Structures are given as structure tokens and as C-alpha cells.
S.K.: 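I have a structure here, written as C-alpha cells, and I will follow up with some questions on it.
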There are 2 protein chains.
Amino acid sequence: MTKRTSDTGKTIAERLEAAANAQERFQIMYGEIRDRICMLVYPPGSQLGEEALADEFGVSRSPLRKALQVLEADGLLRSQQGVGTLVTEVDIEELTQVYQLRMELNELTGKLSPCLPTRELKALFSEMRKRAQDLRNTPTRADFARLNIDFFHAFQQLSENQPLRDVSEKLFYQTCRIWLKLIPNMDLAKEVDIFCGEIDDIVDAVELGDFQAAAFTRRAHLSMGFIRLKAQKDTASH
Amino acid sequence: MTKRTSDTGKTIAERLEAAANAQERFQIMYGEIRDRICMLVYPPGSQLGEEALADEFGVSRSPLRKALQVLEADGLLRSQQGVGTLVTEVDIEELTQVYQLRMELNELTGKLSPCLPTRELKALFSEMRKRAQDLRNTPTRADFARLNIDFFHAFQQLSENQPLRDVSEKLFYQTCRIWLKLIPNMDLAKEVDIFCGEIDDIVDAVELGDFQAAAFTRRAHLSMGFIRLKAQKDTASH
DNA sequence: ATTAGATTTATTGTACACAACTAGACTGTA
DNA sequence: TACAGTCTAGTTGTGTACAATAAATCTAAT
């Protein structure tokens, strides 16, 4: 069975074949593996296997390893000679500091070089609202996680500060797996409701052109979400 | 001529030989190349040459490339097939956003999980003050840059928030070259004086155990330093 | 002299073979 | 059985040859 990406209908190998240069090929491999990790296709603790992946992607281990090495620098993988390439664990305690930092950075998204409220930007966010409504009707774990990722990327576009974007993205991908991991122990429909409420609030702010309000709203939800996650973990351990 | 590191007296090849595993070897190569880039041993725009570097380090291109790839992800290098591995340029205009972000993050260093004011920490900072005095007596470009780097690392130890440290470090290494690049057009003795004054202020705050004051002081100096850099650039272009 | 095209040369990208290493299975002994 | 040592299978790390690419140089025609 060859896996296909949802948007293009092409296999990874085909997309890599079509890429113009090494940098594009790297981006495809890096993005695909990162996506699989944070969608728990590769759950924490699982082993990747360079040769198998290289075969699937239709390349040799050399270019694949470049993607793996950067993912290791990102903290999503850990390679050890003789052992393997393992997906790192996610633990809410260890992510506390990351969450603290993310909250502060979200506040900065509203402060540092906010974008102009263009038509495209508003259209992007109203599409998010639509997807949130669809998710509310038929909530699933995977769609929840996917919307979470896509909404993050939409939100990132509110600031023109590229270094801030880059940093926020790295931190996001360090934390986003925790939801998919813990949601089985939580009330999915309720969490989806809360998340959709957040999206509603933020899209309202974006449509008014008040990006700072959007940033504060997101910061508040991030904080509350983390508290719910932690409460879940505490009850589960008793 | 074999280059030797100042602290150990060993060549890079010898240090790599002595390393226990691949991760240590990677750290040695990564740190050494990054240091050379930000000390302008490899000035912006210069070409590295994988084979020559691999020869000097006594390894093959494969492990060396891992270090280069991460440095490329850090934004310090850019590799292109058929062209070479080039050190990226530093431009004050492009670094404006990075500086803005660094200022905000510095404020967070005082806010997010500050460390306890241990004896070791205070000793480290009083050593910094001593080095600053030495530099004031005999100011040189290279010593100025070195103290700037080492003082940054000392300052990083004021917060226990590891993600914040990691992020701050990446951003620091994106910006620190601008000083060495522009200082020839400025008054070195004056800049050294100002920097030593900053160190004095911050060490005072650290010795009192007031890390938040230290962070605000640093933020203020960072801001003023950037303004001086920019003013220099503006006068130079007229 | 200029310019378009071919050629050369130098560099990174890729593939592959093998070395180094680890964890677990196996085996012999007390 | 318990345990220590050895062996084996499987993995990542390293070295090396070659392919792909791009910039500079040369060449020839206009």
C-alpha cells in the first residue's frame, strides 16, 4: 500500500520525483515526517528505520538523514547508533516550560509587527470557522488534531515578524502531540466545542481587524487548555 | 598549521578523536564552526568547502555535513549544489525583527522560572566583571566579541526555562556577528566602555539577587546598542 | 569587439558498502 | 535456577565513489 497525501493525490515518492532541487526534496521529507509524528502516525517511542523510510520515499538514506537530523535538532526524534531512530516522548510536566514560553510569545504575536487585515487573511480565517463548524457536527480525533495544526498556521500569519513565526512554530510542534495523546482520556466532544468556541472568538477579532485582541484571546485559551490537560493527567494518576 | 582551541591546547582533530560517540563529535564540530562564523574567522559571504573542513577535522564529509546542515537550519550557512556552502550575510535591516524579539525574550528571562542566586552563579558573574575590566585596559575587537559571547551564556543561566534558553541562543547567534562587522566603523574604546558599564550594572543586580532587574537592564542596553548600530549604518551610507 | 554556445572545473547531492555499536538471544557453568 | 559470557541480528555512523549542478572559461561565428 502506498500512502498518499490528502491534498495532492500523489505519493511522497512522486512528489519527491517532481521536486526541482535538493532543498525542495528536503522540505517535502521534513514536512511529511513531522506531520506523521505530530498526527501520531509515528507514536512517541516508536522506531522509524531509515532504510524502510528511504525505500518508501524512493531515495537513499543520505538525503533522508538530513531531514531526520533536523527533526532531531527540533526535539522530535532521537537517533542512537545501534539502537535506532526513536520518536521522543511527550510528557506534560516536561512541556510546562514550553507552554509558558508559548503563552508569552502569543502575546507578542499581537504586539510585534502585526499584519494588515487583508481580504485574503480574513477569508482564510472564515474558512477556519467553517471547518470548526463541520468538526463540531462530526467530531473525530484526527480532524481535531488537523484543525489544530492548520489553525495554528493561520494564526501565525497575523504577525509579519518572521523570527517570531519560526520560533513559535518550533515550539508548537514540540507541544501539539500532547492533545492527541491525552484526548482519549478526555471528553472529545466537549474539547472540540471549547476549541471551536476559541476559533469563533478569534475569527471575530480578526474580522474586526483587532489582531491584538485575537492574540490575547488565544493566549487565554492556551492557558486554559494547558490547565485542563494537566488536570486530566492528575486525575488519571490517582 | 594546525589550529588549536585556546582552552584545551588540542587540535579539533584530536578532540574529535577523543570523543566517545557520534553526538559528542557532532557537538564539537557544530560548536567549532559556529564559533568561527560568529568570530568572523569565516566572514559573511565566504565559502567553507566541505572537503577541506573534513580534512582539517580528520573525518569524512558525512559526519561533517550533519553539522553544516544544522547550521544551515540555524540560518548561519546556505548550501547550494554546484555553488558551495556560503556563510550568510548579516544586515542590520534584516536583523531588526530578530532584535525586537530578543528584547522581548530578555524580559522573559527575568520573569520565567528565574534561578536561585547560588554562589557559583555569582562567582561566574564576578569573573565576567573582572574580564570586562581587563578588556577596558586593553580593548581589542576579538576580545570584545569573545566577552560578548561568554557574557551572553552567563546571562542565560539566570533562567531555568530551557526552551527559552534554546530560543534565545539561536537568536543571539543570528545577531552577534553584526557587532564584529560594524565595530571597525565605530569607536571601539567607547563601545567597550559602554559594554563594560552594562556588565557592571548587571553584575550588581545579580549580586543583589535581583535577576529581574538584571534582565531589564540588559533589555535596555540591547535596545540602545541596536540604535547605535543603526545610527552607524545610517551615517555610513550618507 | 560581442555574443552565443560549448567546455571545463569545482562544488554539493546521492547512493551504497562497510564499520561501529547496541540489545537481546543463546549457551555453558556453577 | 542463576548468571556470566558469547554470539547474532539489526540499527545508525562513516567513508568513498560518482552524479548533478552551476559558475567561469574558452571558442567560434557574426
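A quick note: this is a predicted structure, and the numbers were derived from the prediction, not measured. Order of the sequence lines fixes the chain letters, A, B, ..., with proteins taken first and strands second; residue numbering starts at 1 for each chain.
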S.K.: Can you tell me if B:Ser79 and B:Thr85 form a side-chain donor-acceptor pair at under 3.5 Å?
M.R.: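 Side chains of B:Ser79 and B:Thr85: pair found under 3.5 Å.
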S.K.: Charged N to carboxylate O under 4.0 angstrom, A:Glu32 versus A:Lys10?
M.R.: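 Salt bridge absent between A:Glu32 and A:Lys10.
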S.K.: Taking B:Gln162's backbone N and O only, do any of them form a donor-acceptor pair with A:Gln97's side chain (distance below 3.5 Å, no angle check)?
M.R.: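 Here the side-chain-to-backbone pair exists.
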S.K.: Salt-bridged, A:Lys170 to B:Asp166, with N to O below 4.0 Å?
M.R.: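 No salt bridge links A:Lys170 with B:Asp166.
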S.K.: Parallel, tilted or perpendicular: which describes the rings of B:Phe152 and B:Phe172, with under 30° parallel and over 60° perpendicular?
M.R.: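 Ring orientation of B:Phe152 relative to B:Phe172: parallel.
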S.K.: Can you tell me which nucleotide in C:dA17, C:dT14, C:dA15 comes closest to the side chain of B:Arg61?
M.R.: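 For the B:Arg61 side chain, the nearest candidate turns out to be C:dT14.
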S.K.: Please list, for nucleotides 21-24 of chain D, all pairs of protein and nucleotide N/O atoms separated by less than 3.5 Å.
M.R.:
none

S.K.: Tell me: CD of A:Glu17 to C1' of C:dT14, nearest whole Å?
M.R.: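 After rounding, the reported distance stands at 13 Å.
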S.K.: Which whole-number value in Å describes the distance from B:Gln47 CD to C:dT9 P?
M.R.: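 That distance rounds to 17 Å.
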S.K.: In whole Å, what is the span from the CD atom of B:Glu24 to the P atom of D:dG13?
M.R.: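 Spelled out: CD on B:Glu24 to P on D:dG13 is 14 Å.
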S.K.: Can you pull out the residues from residues 62-69 of chain A that lie within a 4.0 Å heavy-atom distance of DNA chain D?
M.R.: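 Correct list: A:Arg65.
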S.K.: If you check every side-chain atom of A:Ser60, which of C:dT14, D:dT12, D:dG15 has the closest atom?
M.R.: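 For the A:Ser60 side chain, the nearest candidate turns out to be C:dT14.
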S.K.: Charged N to carboxylate O below 4.0 Å: is that the case for A:Glu191 and A:Arg228?
M.R.: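 Salt bridge flag = yes for A:Arg228 with A:Glu191.
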S.K.: Would you mind reading off the distance between B:Gln23 atom CD and D:dG13 atom P, rounded to a whole angstrom?
M.R.: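 Going from B:Gln23 (CD) to D:dG13 (P), I get 8 Å.
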S.K.: On DNA chain C, nearest-nucleotide positions of B:Gly49 versus A:Val59: which is more 5'?
M.R.: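 This one resolves to B:Gly49.
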S.K.: Looking at B:Glu17 and B:Arg25, is any side-chain nitrogen of the basic one under 4.0 Å from a carboxylate oxygen of the acidic one?
M.R.: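 Here B:Arg25 does not pair with B:Glu17 in a salt bridge, since their nearest N and O are not under 4.0 Å apart.
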S.K.: Check the distance between D:dG10's P and A:Leu86's CG and give it to me in whole angstrom.
M.R.: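 Checked: the CG to P distance equals 17 Å.
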S.K.: May I ask you to say what A:Glu51 touches in the nucleic acid, namely base, sugar-phosphate or nothing, with a heavy-atom cut-off under 4.0 Å?
M.R.: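 Result for A:Glu51 = nothing.
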S.K.: Write down the distance between CD1 (B:Ile28) and P (D:dT14), rounded to a whole number of angstrom.
M.R.: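 Value for this atom pair: 12 Å.
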S.K.: Quick one: A:Leu48 CG to D:dG10 C1', roughly how many Å, whole number?
M.R.: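 After rounding, the gap between these two atoms is 15 Å.
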S.K.: Please find the pair of heavy atoms, one from A:Leu105 and one from A:Leu164, that lie closest to each other, and give the distance.
M.R.: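 Scanning both residues completely, I find the closest heavy atoms to be CD2-CD1, 3.8 Å.
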S.K.: Measure from NZ or CZ of A:Arg102 to the centre of the six-membered ring of A:Tyr99 and say whether it is under 6.0 Å with the direction within 45° of the ring axis.
M.R.: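 Geometry flag: set, cation within 6.0 Å and 45°.
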S.K.: How long is the line joining CE of A:Met29 and C1' of C:dT14, in whole Å?
M.R.: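 Answer to the nearest Å: 10 Å.
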